Chemist: 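My questions all concern the structure below.
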Amino acid sequence: MRDDPTTPPKRIVVKVGTSVLTEGTRRLSPPRMVDLARQCANLQHAGHEVILCTSGAIAAGRERLGYPELAPTVAKKQMLAAVGQSRLMLMWERFFEIYGLNVGQLLLTHGDVASRGRFLNAQDALDTLIEHKIIPIINENDAVATDEIKIGDNDNLSALVAVLADADLLVLLTDQPGLFTADPRRDPDAQLITEVRVIDGALRALAGGSQSGLGVGGMVTKLEAATTARRVGTEVLIADGAEPNVLLRIVDGEPLGTRFPALDTPPENRKRWILAGAVSSGHIVVDPGAAKALRFQGRSLLPAGVVAVEGVFERGDTVPVLVKEPIGGPPGSGLPSGSGLPSLNGEIARGVTRYPSDELQRIRGCHSDKIAEILGYTYGNVVVHRNDMVVL
Ligand code: GLU
């Protein structure tokens, strides 16, 4: 992350959606791709470090096979991705070559960053490409991604890449100028939102209505990506990929699209890994006292503070920690107890659990001294250790 936000971003992740690459048609558009390669190359030659996250594998596969009628099964999509990915890459390689740049392909899934060791490996590969001035070109490994390891959309994939690369800026290029106050195709009064500081329920509801229909992601997945990336100190921009010289102008500081400034305190690397990884669909609900201890007092989560365990998770899974009731601000913050800060009603933290859901169910609400007695063994006094937790 940049020490001074007024300096130009050094490391930039550019995500291009299928609708940008096809210009809204059924085929990948070589002129559009050349133009994007030119802009990326320009930035790279000016001393920035560009990473490209590209969609379009499935679209390229369909095109290559002559738009066959296929049942919408996972295996058929995997086939299309397998055919299309090499074609997509071949095109990027040719287009970057025009500007004297080599490219390197990285295909990722959640599985590739699930363990700390694999996260560091992926980070090393990315860093080495960048060090050698090779443009990393990244897509999801669609041909092998099963449900458990699938990221599913390239917006969230690009956020993961921003986390891995410790990027200064993530640009999500799409077929819209940015996020609007209403759907601009239906509402003539819709206004472009130029800056977002808080991503809340109202904004998510607003984004829910604007699906582009072409790629997998709509505005909802873009907000998810922005939520992740800005937490690790990356500024995020949603902008129109068809805007002339859009990347160059953004990096130049021109106010284009919707900007999400980075949050102030990026976490250290272990916590970046927690934010990057897959999150369990189950969760832990804590009482307001425990929520306060986690948020404001730097404590670990103990069984005593757990009021409910929902869904199923294993020891070692990354699990969201939720608080059901509103709680007050930190001591001395001037916020009345019980007034409720807006963000406290949902997920307050995310961390690696030391107990699986069924056993946590049995020790919830108990003093840590009782763990061994109840379970017949113990993994220690805490459910989620402070060092394995990111407070949100
Ligand atoms: N990985 C998919 C592809 O290359 C695209 C996913 C997305 O559009 O978000 O076809």
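None of the values given here were measured: they were computed from a predicted structure. Order of listing sets the numbers, starting from 1, for every ligand and every atom in it.
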Chemist: Could you tell me how the ring of W92 sits relative to the ring of F96: parallel (under 30°), tilted (30 to 60°) or perpendicular (over 60°)?
Modeler: tilted
Chemist: Applying a 4.0 Å heavy-atom criterion (strictly less than), which segment of D153 is in contact with ligand 1: side chain, backbone, both, or neither?
Modeler: both
Chemist: Could you tell me which atoms of ligand 1, counted from 1 in the order shown, lie closer than 4.0 angstrom to a heavy atom of D142?
Modeler: 1 (N), 2 (C), 3 (C), 4 (O)
Chemist: Flag N154 as yes when one of its N or O atoms lies below 3.5 Å from any N or O atom of ligand 1, and as no otherwise.
Modeler: yes
Chemist: Tell me, please: is G56 in heavy-atom contact with ligand 1, that is, under 4.0 Å?
Modeler: yes
Chemist: A59 to ligand 1: N or O pair under 3.5 Å?
Modeler: no
Chemist: So does R62 have more than 12 non-hydrogen atoms from other groups sitting under 6.0 Å from CZ?
Modeler: no
Chemist: Could you verify whether a donor N or O on one side chain and an acceptor N or O on the other, from N381 and R354, lie under 3.5 Å apart?
Modeler: no
Chemist: Between D155 and T221, is a side-chain hydrogen bond (donor to acceptor under 3.5 Å, both in side chains) present by the stated rule, with each step listed?
Modeler: CA-CA 6 Å; D155 294 320; T221 52; 2.7 Å; yes
Chemist: Taking NZ, NE, NH1 and NH2 as the nitrogens, is one of them in R118 or D112 under 4.0 Å from a carboxylate oxygen of the other?
Modeler: yes
Chemist: Does an N or O anywhere in I58 fall below 3.5 Å from an N or O of ligand 1?
Modeler: yes
Chemist: Is T54 close to ligand 1, meaning an N/O of one under 3.5 Å from an N/O of the other?
Modeler: no
Chemist: Is atom CZ of R315 surrounded by more than 12 heavy atoms (other residues, nucleotides or ligands) closer than 6.0 Å?
Modeler: yes
Chemist: So, is N139 polar-close to ligand 1, with some N/O to N/O distance under 3.5 Å?
Modeler: yes
